[in-house]
Engineer: 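Got a structure for you, written out below as structure tokens; questions coming shortly.
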Amino acid sequence: MSIRDLRSDPVPDEYIDKILEAGRWAMSGANSQPWEFMVIRDQKVKDALGHAYTHDNNDFIFWMEQMRIPELRHPAFQVGDVDAEQQQKRVQDRGAKWTDAPVLLVILGDGRRQWGTVQGALSYGRHQSHFTDALSNAAMLMHLAATSLGLASQHVTIHVQEPFKRVLDVPDLLLVHHIVPIGFSAIDRRPSVHRPLEDIVHYDQYDHSKYMSNKDVVEFLYELRGKTMHAYHTKRKGE
Ligand SMILES: Cc1cc2nc3c(=O)[nH]c(=O)nc-3n(C[C@H](O)[C@H](O)[C@H](O)COP(=O)(O)O)c2cc1C
């Protein structure tokens with residue numbers, strides 16, 4: 001489960017080493033291993049990343065989300081029936097809770113390592129890419145390692161690279177793919193919303209009775225938004 005509210009209690013260094021070690025063993029196209037990891041513990045750096053997130057990244061996302069009707073916007077950007085400027089302020093005021101996490105792991109990508117895999121995977125099209133798939137594989141192993149150690153984690157996507165690169169002094173050719181805050185959970189677990197197996201599994205041949213039309217997909221999104229809003233508007237344990 002994605003935990004978007006972590007306690008600031010410290011995490012033992014050996015736990016972080018184990019999590020990083022798990023990421024190192026991830027699958028990647030032709031084993032080209034396009035990842036590097038940064039471990040952020042310095043609160044000043046965390047706060048600077050948080051500022052880049054709320055003021056640059058989320059400003060961009062916020063205004064893109066304005067282009068669709070409120071009910072279909074990403075839950076983090078559904079912040080009440082007020083005018084756009086007030087909504088924007090609410091998003092910004094909410095800040096980046098993950099800066100409270102004792103440790104942030106930043107997943108970097110080195111696109112040049114794609115040179116190790118088949119050229120077909122690099123072609124621009126609907127089914128790119130061995131690159132970001134590999135980064136997510138590494139991150140997934142790290143999420144599982146964290147969970148197995150009794151910790152909690154989250155996936156914070158970076159959409160606007162430059163401000164984060166400036167904070168971390170990351171070279172131009174690398175990608176700041178996402179941030180994985182790690183710590184102990186501040187919230188109670190709750191059931192997550194995932195599509196049932198019978199809707200998504202096909203045996204031997206594709207079962208067209210399960211195929212969703214474009215309209216079905218949009219209706220699914222309406223329903224999903226309704227069910228997952230709470231994940232972004234959580235209450236701390238005991239509140
Ligand atoms: C590619 C990808 C990007 C994601 N980006 C974000 C993000 O930017 N912020 C966030 O809070 N969660 C993010 N998530 C987490 C998903 O929202 C979450 O996994 C999903 O809603 C299912 O919920 P669960 O992990 O609690 O089961 C991301 C997950 C993936 C795989």
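All ligand and atom numbering here is 1-based and tracks the order in the structure.
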Engineer: Of all the atoms in ligand 1, which lie at a distance below 4.0 Å from a heavy atom belonging to Q154?
Structural biologist: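 In order of numbering, the contacting atoms are 10 (C), 11 (O).
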
Engineer: Return the orientation label for the Y53 and F164 ring planes: parallel under 30°, perpendicular over 60°, tilted otherwise.
Structural biologist: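 Answer is perpendicular, since the angle exceeds 60°.
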
Engineer: Checking Y206 now: which residues fulfil side-chain contact (heavy atoms from CB on, under 4.5 Å) with it, not counting sequence neighbours?
Structural biologist: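 Residues passing side-chain contact (heavy atoms from CB on, under 4.5 Å) with Y206: H202, H208, Y211.
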
Engineer: For atom 26 (O) of ligand 1, tell me which residue out of A76, S2, P75, P181 has the closest non-hydrogen atom.
Structural biologist: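 Comparing heavy atoms across A76, S2, P75, P181, the nearest one to atom 26 (O) of ligand 1 lies in S2.
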
Engineer: My understanding is that only residues two or more places apart in sequence, or in another chain, count here; which of them pass side-chain contact (heavy atoms from CB on, under 4.5 Å) with V82?
Structural biologist: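 For V82, the residues satisfying side-chain contact (heavy atoms from CB on, under 4.5 Å) (neighbours in sequence not counted) are Q86, Q87, R90.
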
Engineer: Start with the C-alpha distance between R195 and D199, add both sets of side-chain angles, then the distance that settles salt bridge (charged side-chain N to carboxylate O under 4.0 Å, His left out), and finish with yes or no.
Structural biologist: CA-CA 7 Å; R195 296 170 66 200; D199 286 7; 5.1 Å; no

Engineer: What atoms of ligand 1 come closer than 4.0 angstrom to any heavy atom of T157?
Structural biologist: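 By the 4.0 Å cutoff, the relevant atoms are 3 (C), 4 (C), 5 (N), 6 (C), 7 (C), 8 (O).
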
Engineer: May I ask which of H143, H155, H74, K97 has a heavy atom nearer to atom 28 (C) of ligand 1 than the others do?
Structural biologist: H155

Engineer: Considering only heavy atoms from C-beta outward, does the side chain of L174 approach that of R112 to under 4.5 Å?
Structural biologist: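 Yes. Closest side-chain heavy atoms under 4.5 Å.
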
Engineer: For ligand 1, does H178 get within less than 4.0 Å through its side chain, its backbone, both, or neither, judged by non-hydrogen atoms?
Structural biologist: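 The answer is neither.
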
Engineer: Answer yes if the side chains of H178 and T157 hold a donor-acceptor pair under 3.5 Å, and no otherwise.
Structural biologist: no

Engineer: Closer than 4.0 Å to some heavy atom of M1 - which atoms of ligand 1 meet that?
Structural biologist: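 By the 4.0 Å cutoff, the relevant atoms are 26 (O).
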
Engineer: Which of the numbered atoms in ligand 1 are below 4.0 angstrom from a heavy atom of S192?
Structural biologist: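 Near S192, the atoms of ligand 1 are 23 (O), 24 (P), 26 (O), 27 (O).
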
